[in-house]
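Everything on this sheet refers to the single structure shown next.
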Number of protein chains: 2
Amino acid sequence: MKVLIVEDDPLHRSYLHEAVCAALPECETVIEAESGTAGEKLARDHRSAHVVMDLQMNNRNGIEAARTIWKERPDTRILFWSNYSDEAYVRGVSRIVPDGAAYGYVLKSASDERLKLALRSIFVEAQCVIDREVRGMQQKSLGQTKGFSDTEYEILVDIALGLTDRAIARRRNLSLRSVQNRLQQLYEKLDVYQTASDDHDDSRFNLRARAVTVAMLRKLLNYSALERAESELAEWLKSL
Amino acid sequence: MKVLIVEDDPLHRSYLHEAVCAALPECETVIEAESGTAGEKLARDHRSAHVVMDLQMNNRNGIEAARTIWKERPDTRILFWSNYSDEAYVRGVSRIVPDGAAYGYVLKSASDERLKLALRSIFVEAQCVIDREVRGMQQKSLGQTKGFSDTEYEILVDIALGLTDRAIARRRNLSLRSVQNRLQQLYEKLDVYQTASDDHDDSRFNLRARAVTVAMLRKLLNYSALERAESELAEWLKSL
DNA sequence: GTAGATGATGCGGGATCCTGCAGGACGCGC
DNA sequence: GCGCGTCCTGCAGGATCCCGCATCATCTAC
């Protein structure tokens, strides 16, 4: 077995290296990449079907890297090992995992035991292992209760990018009014009204801008999600 | 000498511990805190005047923690040890460092040598040590050329928080028109117009929302800056 | 088949935002 | 004093945004 480690922090990388060797005695080679782009290349060259991947790397996002790896080899098994369980990350990951692929999501705060267990479960048994905390996120994300539907998330991203209502309508093939409808939904769910009107007609928020900030603070959006959305937007803009 | 380490990542914490012991043989005790709040408390209890601090911690931001520590003992020497040199961080740090205080800013990507040198320079020699890369940021931040003045940064934060023009005017003691003037300045500097009008009257951006996103992507703003701004805003709102 | 729920769309109005134009206040240098 | 630059302010107008009201299509349930 060959395992590829994609992690930009040297300390974490060597820790992972040891953990992999300890948990998987049948693993004969461990390759290390220190950026997302390097990870993509090494995965291609070595045809390694077992990857441990950090999200949030400087050079290239873990999600981006995973997407291209999975695009080339959908049966690759990837264990995401991340500091955070931001809903933005969780949603980003579950959007790119191919049907039937074995993958995992373990937090860096997990114990050695749990990490090793996850390594064996995914790489040997081909099972999916999702951290409890992350799992909670996923429920909230996919389930309706208190969570955000895909359309709501979509429009959240669009206003976060700074598109006008008209531009969103064109992009999503909707009428202007529908876009505004969805915006209203979003504002309600994000609870932007509560703080909006203070007492009389005083100190109000700009709903659109406020929604983005609230989403950020709630980790519904984060830098990496913005980055991805921005590049998707650029692509769409090119296609007129 | 007593050194306090504030860092939430266990691997990085133990690495720092070793580095401190190696660089400072005269250091008899090393204390560790794994969150900003714990760091504040330990600094108070142990009266430790030498701190190594991570920015970007989950529980409490490094900048917040440093601010309260410095508020209680302005002669404390703090070395910030961070993964990033986001302008938002650099600006946040330089806003809170007291007059004449010795401090440092070293990136985690720096070599062992450089870290140890910085430790000695700051804790023994009371000199300021700023990483080259961070220094560049600082120049850009404080200098006018291509950088953002304080007033521009202020209004950027305000619209990022989602305030209306009127609310900003009240908060900053300006007229409505002045707020809008500053917004125009901001839009120009952030280059929001370039992509705004595509060809005819087509696909435009909402300038206000777009400005925030562009600032995010340029690391002028980040999560931690938003967090701080949000709590400042809450305070201001309480004072009617 | 009728009723109800959900979602897309159109119309219209009031509030906000963005900006051009013009004028006033302040400081700086000659 | 005078000119110049920078910053703040008011006014006006057009574009955009936010939202209530109403219609229509689809789908589900009974």
Side-chain angles (χ1 to χ4, degrees), chain A residues 143-145 147-156 158-215, chain B residues 144-145 147-156 158-214:
Chain A
Q144 318 313 347
T145 330
F148 290 72
S149 74
D150 282 347
T151 62
E152 285 158 354
Y153 189 74
E154 212 171 46
I155 205 164
L156 170 60
D158 284 340
I159 61 168
L161 286 173
L163 294 173
T164 59
D165 292 1
R166 206 185 310 279
I168 299 174
R170 226 190 319 274
R171 186 176 187 196
R172 306 297 183 189
N173 283 319
L174 289 171
S175 76
L176 205 59
R177 189 63 182 90
S178 298
V179 171
Q180 295 167 338
N181 260 341
R182 293 190 177 180
L183 279 175
Q184 274 185 270
Q185 281 181 260
L186 185 69
Y187 296 154
E188 277 187 41
K189 285 222 183 172
L190 284 175
D191 217 16
V192 186
Y193 297 105
Q194 187 186 12
T195 43
S197 58
D198 218 9
D199 27 302
H200 32 318
D201 59 340
D202 213 23
S203 65
R204 278 230 188 84
F205 282 115
N206 176 319
L207 294 177
R208 177 176 286 245
R210 184 66 184 163
V212 176
T213 305
V214 170
Chain B
Q144 320 311 348
T145 329
F148 290 74
S149 72
D150 282 346
T151 63
E152 285 158 352
Y153 189 73
E154 212 171 45
I155 205 164
L156 169 61
D158 283 341
I159 62 169
L161 286 173
L163 294 172
T164 59
D165 292 2
R166 205 185 310 279
I168 299 174
R170 225 189 321 274
R171 186 178 187 195
R172 306 296 183 188
N173 283 318
L174 289 172
S175 77
L176 204 60
R177 188 64 182 90
S178 297
V179 170
Q180 294 167 338
N181 260 340
R182 293 191 178 181
L183 280 176
Q184 272 185 275
Q185 281 182 258
L186 184 69
Y187 295 154
E188 276 187 41
K189 285 223 181 172
L190 284 176
D191 217 17
V192 185
Y193 296 105
Q194 186 185 15
T195 44
S197 58
D198 218 10
D199 25 304
H200 30 317
D201 59 342
D202 214 26
S203 65
R204 280 232 187 84
F205 282 113
N206 177 317
L207 295 178
R208 178 177 286 245
R210 185 66 184 163
V212 176
T213 306
V214 169

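Letters A, B, ... are given to chains in the order of the sequence lines, protein chains preceding strands, and every chain is numbered from 1.
- N181(A) meets the side chain to side chain donor-acceptor pair (under 3.5 Å) test with R177(A); sequence neighbours excluded.
- Taking atom CD of E188(B) as the reference point, atom P of dC7(D) lies 13 Å away to the nearest angstrom.
- Rounded to an integer number of Å, the gap from F205(B) CZ to dT16(D) C1' is 16 Å.
- Using a 4.0 Å heavy-atom cutoff across all strands shown, R182(B) reaches sugar-phosphate atoms only and no base atom.
- Listed nucleotides: dG10(C), dT9(D), dC18(D). Nearest to the side chain of R208(A): dC18(D).
- Residue N206(A) contributes atom CG, which lies 10 Å from atom P of dC17(D) at whole-angstrom precision.
- The salt bridge (charged side-chain N to carboxylate O under 4.0 Å, His left out) search around R172(A) returns E154(A), D158(A), not counting sequence neighbours.
- Contact record, R171(A) with L163(A): NH1-CD1, 4.0 Å, taken as the closest heavy-atom pair.
- For R166(B), taking side-chain heavy atoms from C-beta onward, the closest of the listed nucleotides dT9(C), dC8(D), dT16(C) is dT16(C).
- Residues satisfying the side chain to side chain contact (heavy atoms under 4.5 Å, CB included) test with A160(A), not counting sequence neighbours, are V212(A), L221(A), L226(A).
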What's touching nucleotides 19-22 of chain D from the protein side, N or O pairs under 3.5 Å?
unit_1  : atom_1 : unit_2  : atom_2 : d
dC19(D) : OP1    : Y193(A) : OH     : 3.4
dC19(D) : OP2    : Y193(A) : OH     : 3.2
dC19(D) : N4     : Q180(A) : OE1    : 3.0
dG20(D) : N7     : R177(A) : NH2    : 3.1
dG20(D) : O6     : R177(A) : NE     : 2.6
dG20(D) : O6     : R177(A) : NH2    : 2.9
dC21(D) : N4     : R177(A) : NH2    : 3.4

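- Rounding to whole angstrom units, CZ of residue R170(A) and P of dT16(D) are separated by 11 Å.
- Following rounding to the nearest Å, I155(B) (CD1) and dC18(C) (C1') show an atom-to-atom distance of 13 Å.
- OP1 or OP2 of dC8(D) has not a single side-chain nitrogen or oxygen of S178(B) nearer than 4.0 Å.
- We find that CG of D165(A) is positioned 14 Å from P of dT9(C), with the value rounded to whole Å.
- Take Q185(A) and apply the side chain to side chain contact (heavy atoms under 4.5 Å, CB included) test, not counting sequence neighbours, and it matches E152(A), R182(A).
- When rounded to the nearest whole Å, the span between CZ of R172(B) and P of dC7(D) equals 17 Å.
- Taking atom CG of L190(A) as the reference point, atom P of dC18(D) lies 13 Å away to the nearest angstrom.
- Taking the side chain as every heavy atom from C-beta outward, D191(A) and V214(A) never approach each other to under 4.5 Å.
- Counting all heavy atoms, side chain and backbone alike, A209(B) lies closest to G162(A) at CB-CA, 3.8 Å.
- At a threshold of 4.0 angstrom between heavy atoms, the contacts of L176(A) with the nucleic acid are absent.
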